[in-house]
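As a basis for the values below, the full set of heavy atoms in this structure was taken, side chains included, without hydrogen atoms, waters or symmetry mates.
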Amino acid sequence: MSSSNISDNSVPATLFLTGIPGLENSHMWIGIPFCAVYMVALAGNAALILVIVTNSALHEPMYLFLCLLSLTDLALSSTTVPKTLAILWLHAGEITFNGCLAQMFCVHSIYALESSVLLAMAFDRYVAICNPLRYTTILNHSVIGRISLAGIFRSIAVVSPFIYLLKRLPYCGHHVMAHTYCEHMGIARLACANITVNVVYGLTVALLAVGLDSILIAISYVFILQSVFRLPSWDARSKALSTCGSHLGVILVFYIPAFFSFLTHRFGRHSVPKHVHIFLANLYVLVPPVLNPIIYGARTKEIRSRLLRMFHLRKDLV
């Protein structure tokens with residue numbers, strides 16, 4: 001065993017990501033749709049951010065939260081997809097152990113932050129529909145800034161212990177991980193020691209962060225729907241349901257792939273094929289970034305009209 005790959009405390013100097021196990025011969029072809037989806041996600045989210053930032057009429061709480069959502073989508077996909085493509089196309093699976101921890105930290109913290117943003121957007125819809133006269137007073141720019149900082153602080157606080165929990169483990173020379181990017185339990189399962197603490201803390205974070213957010217979102221929508229169906233006119237109900245529909249679509253796109261990935265990873269590890277685990281893990285970092293701009297661009301009149309105006313103006317300039 002090469003001593004260059006193992007430090008004194010049995011932490012490997014480098015890890016090797018193999019990609020999608022069992023489908024090595026198809027890596028080149030699998031990378032093509034991954035790359036295409038990533039390019040669409042980059043273009044869609046960048047366009048959405050540009051439209052919101054450059055139009056003062058869109059500097060309202062809902063659009064500012066949407067801008068933050070697009071930023072987290074860009075960060076989430078850019079943290080994983082470039083390395084995934086390097087593995088699939090160039091067989092460049094080697095990564096330093098600290099680099100792997102950094103990627104793991106970014107993936108989990110950004111994901112927790114995106115969950116916080118979705119909760120903030122649900123609160124935004126709740127205030128807009130249930131207390132419209134105080135909407136701008138309650139959700140002013142100062143409050144939006146504090147909500148954003150609280151989400152960032154929470155995501156960093158709950159994910160940071162993962163680094164300590166992984167560094168304390170001995171790995172006994174194990175350094176090959178069947179995955180396309182680094183994530184907490186994938187690294188922990190390389191250890192040659194009991195990882196119960198890692199499993200319990202990982203479940204705790206999932207339940208108290210993402211799980212709690214989803215429960216609070218569901219509760220907020222109970223109050224929102226009660227208020228919507230009390231509105232006197234059909235037009236008012238239709239408009240309120242339309243804006244809520246976009247947000248609900250984004251919520252489903254975010255939580256469903258992660259939910260299935262979590263279930264198969266925790267409870268179907270021996271019955272579900274390994275390549276299915278990896279595909280599901282890639283879905284929850286690829287699907288939300290590519291679909292969120294499409295959902296909001298297609299369903300939100302203000303954004304759709306300004307996007308069309310922006311592209312029409314650029315066409316005229318050319």
Side-chain angles (χ1 to χ4, degrees), residues 45 48-49 51-52 55-73 110-155 157-158 206-256 258-259 288 291-304:
N45 285 288
L48 205 58
I49 293 168
V51 166
I52 293 171
N55 287 271
S56 57
L58 296 181
H59 292 178
E60 297 178 4
M62 183 178 81
Y63 300 112
L64 293 176
F65 284 130
L66 179 56
C67 186
L68 183 57
L69 182 70
S70 288
L71 286 170
T72 58
D73 280 338
I110 293 168
Y111 193 82
L113 175 59
E114 186 156 349
S115 182
S116 298
V117 174
L118 290 175
L119 176 60
M121 293 173 78
F123 178 65
D124 167 77
R125 291 299 83 205
Y126 168 78
V127 176
I129 292 170
C130 299
N131 203 349
L133 297 179
R134 297 187 61 206
Y135 179 58
T136 54
T137 305
I138 295 173
L139 281 173
N140 55 51
H141 286 185
S142 175
V143 171
I144 293 170
R146 287 200 293 270
I147 290 172
S148 302
L149 288 174
I152 293 169
F153 176 79
R154 187 192 73 159
S155 63
V158 299
L207 292 174
L208 292 183
V210 178
L212 181 61
D213 288 350
S214 59
I215 291 170
L216 292 174
I217 289 170
I219 292 170
S220 70
Y221 266 93
V222 170
F223 291 110
I224 287 170
L225 291 175
Q226 285 178 344
S227 296
V228 166
F229 289 114
R230 287 183 190 138
L231 293 173
S233 70
W234 168 249
D235 287 342
R237 288 197 296 269
S238 178
K239 185 177 179 180
L241 288 172
S242 178
T243 57
C244 291
S246 299
H247 184 232
L248 281 172
V250 168
I251 289 169
L252 293 175
V253 163
F254 178 78
Y255 284 113
I256 288 176
F259 178 71
L291 288 184
N292 289 349
I294 295 172
I295 292 171
Y296 269 99
R299 292 186 59 88
T300 309
K301 182 181 176 182
E302 292 82 357
I303 292 176
R304 186 172 64 247

Chemist: Do you know which two heavy atoms are closest between Ile224 and Ala122, and how far apart they sit?
Modeler: CD1-O, 3.9 Å

Chemist: Taking the side chain as C-beta and beyond, is there a heavy-atom pair between Leu66 and Ile52 under 4.5 Å?
Modeler: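 With C-beta onward as the side chain, the pair touches.
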
Chemist: Side-chain contact test, heavy atoms from C-beta onward, threshold under 4.5 Å: evaluate it for Thr72 versus Leu69 and give yes or no.
Modeler: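 A side-chain contact under 4.5 Å exists here.
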
Chemist: Classify the side-chain pair Asn55/Tyr63 by whether it contains a donor and acceptor separated by less than 3.5 Å.
Modeler: no

Chemist: Do His247 side-chain atoms and Leu118 backbone N/O form a donor-acceptor pair below 3.5 Å?
Modeler: yes

Chemist: Compare all side-chain heavy atoms of Leu119 with those of Phe123 and state whether any distance is below 4.5 angstrom.
Modeler: no

Chemist: Going through the checks in order, is the side-chain contact (heavy atoms from CB on, under 4.5 Å) test met by Val158 and Leu208?
Modeler: CA-CA 9 Å; Val158 299; Leu208 292 183; over 6 Å; no

Chemist: Tell me if a side-chain donor or acceptor on Asn140 pairs with a main-chain N or O of Thr137 at a distance below 3.5 Å.
Modeler: yes

Chemist: What closest approach, in Å, do Ser70 and Leu48 show between heavy atoms, and which atom pair accounts for it?
Modeler: OG-CD2, 3.2 Å

Chemist: Under 6.0 Å between ring centres: does that hold for Tyr126 and Tyr221?
Modeler: no

Chemist: What distance do Ile251 atom CD1 and Met121 atom CE have between them, rounded to the nearest 0.5 Å?
Modeler: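 Those atoms lie 8.0 Å apart.
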
Chemist: Between the side chains of Arg125 and Ser220, is a donor N or O closer than 3.5 angstrom to an acceptor N or O?
Modeler: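 Checked: Arg125/Ser220 side chains show no N/O donor-acceptor pair below 3.5 Å.
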
Chemist: Taking all heavy atoms of Val117 and all of Phe65, pick out the closest pair and write down the distance.
Modeler: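 Of all heavy-atom pairs spanning Val117 and Phe65, the closest is CG1-O, 3.6 Å.
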
Chemist: Specify the closest pair of heavy atoms between Ala120 and Ile147, including all atoms of both residues, with the distance to one decimal.
Modeler: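 In this case the closest contact between Ala120 and Ile147 is CB-CG2, 3.8 Å.
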
Chemist: How close do Leu68 and Ser148 get, heavy atom to heavy atom, and via which atoms?
Modeler: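 Closest heavy-atom pair between Leu68 and Ser148: CD2-OG, 3.6 Å.
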
Chemist: Check whether any side-chain N or O of Ser116 sits under 3.5 Å from a backbone N or O of Ala112 as a donor-acceptor pair, and report yes or no.
Modeler: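 A pair under 3.5 Å: yes.
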
Chemist: Specify the closest pair of heavy atoms between Ile129 and Pro132, including all atoms of both residues, with the distance to one decimal.
Modeler: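 Closest approach of Ile129 to Pro132, heavy atoms only: O-CD, 3.7 Å.
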
Chemist: With Glu114 as reference, evaluate Leu71, Asp213, Asn292 under the side-chain contact (heavy atoms from CB on, under 4.5 Å) test and give the passing residue.
Modeler: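 It is Asn292, the one option of Leu71, Asp213, Asn292 that forms the side-chain contact (heavy atoms from CB on, under 4.5 Å) with Glu114.
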
Chemist: If we only count heavy atoms from C-beta on, is the Glu60 to Leu64 side-chain gap below 4.5 Å?
Modeler: no

Chemist: Is a side-chain donor-acceptor pair under 3.5 Å present for Tyr255 with Ser115?
Modeler: yes

Chemist: Is the shortest heavy-atom distance from the side chain of Val210 to the side chain of Tyr111 under 4.5 Å?
Modeler: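 Yes - at least one pair of side-chain heavy atoms lies under 4.5 Å apart.
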
